[in-house]
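What follows is a short report on a single structure.
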Amino acid sequence: MTTIELDQAYIAHTYKRFPVEIVSGKGSLVQDASGKEYIDMGSGIAVTSFGVADEAWIAAVEDQIRQVQHMSNLYYTAPCARLAEMLCTRTGFSRVFFGNSGAEANECAIKAARKWAADNKGPDCNIIVTLENSFHGRTLTTLAATGQEHYHELYQPLTPGFAHIPAGDMDALKALCAGGKVAAVLIECVQGEGGVIPLDPVFAFELEAFLREQDILLMIDEVQTGNGRTGKLYAYMNYGLHPDVVTTAKGLAGGLPLGACLLGSRVKDVFSFGDHGSTFGGNPVSCAAAISVLERLTDSFLAEVEAKAALLRSLLENAPGIRSVSGLGLMLGLKTDKPAAEVVRACMENGVLCLTAKDKVRLLPALNIPEDLLRKAAEIIKAACV
Ligand code: PLP
C-alpha cells in the first residue's frame with residue numbers, strides 16, 4: 001500500500017489531507033514523493049521557525065540526543081533550566097511550566113488562574129473569560145475556552161466556568177466581572193484560526209487597565225503568534241501589554257513538541273510540588289531545539305522579520321483578486337475574491353503551500369524565508385487569486 005492508502009486505512013479520519021506526501025526539504029523548500037518542489041508558506045502551521053532541516057537546529061537536536069534524549073521530571077536537566085532562564089530573561093516573566101503542546105500550555109494557564117483566584121479570592125471566583133471567535137486548543141477544557149460554538153457541539157458536557165465576549169466589547173466584560181467571579185481573561189493578540197484578525201490596540205489597552213483595577217489576571221495565548229512570528233518575540237510586545245500569564249508552543253522548538261506557560265510575578269508561586277506535571281514536559285531534546293530557535297531571535301533578526309513582513313504585505317496588498325490583507329508580521333490573512341480553498345489548491349498546483357483560516361488564505365512562512373522565495377511565492381499567490 002502507498003503512504004496515502006495506509007494513512008487512509010489506519011489513521012483516524014480527523015484530518016482532511018491534500019493528496020500530497022511530503023518527503024524532504026531544506027529551509028522554505030519542500031519536496032513531495034513525486035519530486036515536485038514547493039515553497040512552504042505555512043511552515044507546519046507556524047512551527048518550523050527556521051524552515052525544514054535547518055542546520056543549526058539539527059546540530060542542537062543531534063547533540064542533545066547523543067547525551068540524553070529523555071529524563072523524568074524527578075531530576076534536573078540543563079536544556080530545560082537554560083531555556084526557562086532564557087524565556088524569563090527575555091520577557092520579564094518569573095517562572096515557566098513546560099508541556100508538549102499549545103493546548104497543554106493553555107490548560108496550565110487555566111489551572112494557574114483557577115488556583116490563584118481560589119487562593120486569593122475564594123473558590124467561587126473561577127470564571128475564565130475568552131473572546132468570541134478565539135481558538136485555544138482541542139482538549140475538553142481548551143475547547144470550552146475556545147469561543148466558537150461549532151467546536152463545542154460534539155463533545156458536551158465541556159469543562160464549566162468559561163464565558164465569551166465579543167472582541168472590543170468592554171461593556172460585556174464589565175457586566176460579566178460585576179459578579180466578582182471572573183478569575184482571568186485569556187486572549188490572542190491575533191486570532192489565527194479565527195481568520196488572522198488582530199486585536200484592536202485601544203481595546204487591548206482598556207482591557208489591561210480594567211483587569212488591573214479589578215485584580216483579574218490577563219493571560220495571552222501566544223501559541224501561534226509567539227516566538228518572533230509577529231516581528232517581536234511575543235505579539236503582546238507589539239501592544240505594550242503586561243500580561244500575568246503567557247502561553248506558547250508551535251514555533252518555540254522549531255518542529256519538536258514543546259509548550260510553555262510563562263508565569264508572571266503575581267502567579268509565579270501558584271503551583272506547589274505535585275500540583276501539576278507532564279511526563280514529557282521540558283524534554284531535553286525539545287528544549288535544546290528551542291534554545292537554538294530563541295538564541296537566533298535577536299533584535300536584528302526580528303527587524304528582518306518585520307522587513308520581510310512589510311515586503312510580503314506590499315507585494316499582496318491591492319493586487320487584483322485580493323480584497324484585503326490582515327495580520328501582523330509574518331502572519332497574514334488574505335481576503336480573496338475567489339474562495340480561499342480554491343486559491344490554496346491553485347497555489348499548490350503551482351508549487352506554493354498556503355493555509356486557510358476561516359474564509360481567508362493564511363500565510364505563515366518560516367521566519368528566515370529568503371527574500372527571493374518570498375517574492376516568487378507572492379507572484380504565484382497573486383496569479384492564483386485572479
Ligand atoms: N492556541 C492557539 C492560538 C492556536 O492557534 C492553537 C493551534 O492552532 C492552539 C492553541 C492549540 O495548539 P496545539 O495544537 O499545539 O495543542
Side-chain angles (χ1 to χ4, degrees), residues 12 14-16 42-49 97-113 128-148 150-152 155 158-159 162 164 167 184-199 204 218-230 234-236 238-239 241 243 245-262 278 280-283 286 289-290 293 326-333 354-358 360 362-364:
T14 63
Y15 303 109
K16 194 157 178 265
S43 62
I45 318 188
V47 168
T48 46
S49 304
F97 178 86
F98 289 120
N100 312 283
S101 66
E104 278 176 277
N106 285 335
E107 289 268 346
C108 178
I110 292 160
K111 279 184 159 182
I128 312 286
V129 177
T130 72
L131 301 182
E132 288 177 3
N133 197 46
S134 57
F135 185 83
H136 297 293
R138 299 278 195 164
T139 62
L140 284 179
T141 297
T142 55
L143 275 183
T146 293
Q148 301 189 53
H150 69 100
Y151 283 111
H152 297 177
Y155 302 111
L158 300 177
T159 308
F162 289 88
H164 313 288
V185 174
L186 172 66
I187 56 168
E188 296 159 272
C189 287
V190 183
Q191 291 186 332
E193 302 302 307
V196 199
I197 304 171
L199 199 67
L218 173 60
M219 313 205 291
I220 304 196
D221 178 341
E222 297 261 6
V223 169
Q224 193 161 147
T225 52
N227 312 299
R229 173 61 46 196
T230 67
Y234 290 101
Y236 74 81
N238 287 296
Y239 285 83
L241 293 172
V245 176
V246 159
T247 58
T248 189
K250 286 190 181 283
L252 177 60
L256 283 176
L258 183 64
C261 178
L262 279 56
S278 161
F280 285 111
N283 168 276
S286 294
V293 169
S326 64
L328 207 56
L330 284 176
M331 178 175 183
L332 295 181
C354 305
L355 305 160
T356 57
K358 292 253 168 109
K360 305 249 182 81
R362 178 171 39 156
L363 306 178
L364 297 163

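Only heavy atoms go into these numbers, but all of them, side chains included; no hydrogens, no water, no symmetry mates. Order of listing sets the numbers, starting from 1, for every ligand and every atom in it.
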Check side-chain hydrogen bond (donor to acceptor under 3.5 Å, both in side chains) between Asn133 and all other residues, then give those that pass, not counting sequence neighbours.
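Once residues adjacent in sequence are excluded, the partners of Asn133 under the side-chain hydrogen bond (donor to acceptor under 3.5 Å, both in side chains) criterion are Gln191, Lys358.
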
All heavy atoms of Ile187 vs all of Val185, minimum pair found to be CG2-CG1, 3.9 Å

*Donor-acceptor contact below 3.5 Å, side chain Glu188 vs main chain Ser134*: no

Can a donor-acceptor pair be found, under 3.5 Å and without considering hydrogens, that links the side chain of Thr48 to the backbone of Ser43? yes

- State whether a side-chain donor-acceptor pair under 3.5 Å links Asn238 with Thr230.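 The criterion, which ignores hydrogens and geometry beyond distance, is satisfied for Thr230 and Asn238.
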
- Item | Test item: side-chain donor near acceptor, Thr146 and His136, under 3.5 Å |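 Their side chains do not contain a donor-acceptor pair, so the 3.5 Å distance test is not met.
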
Checklist entry - ligand 1: which residues have a non-hydrogen atom closer than 4.0 Å? => result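 The answer is Ser101, Gly102, Ala103, Asn106, Phe135, His136, Gly137, Glu188, Glu193, Asp221, Val223, Gln224, Lys250, counting any residue whose heavy atom sits under 4.0 Å from ligand 1.
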
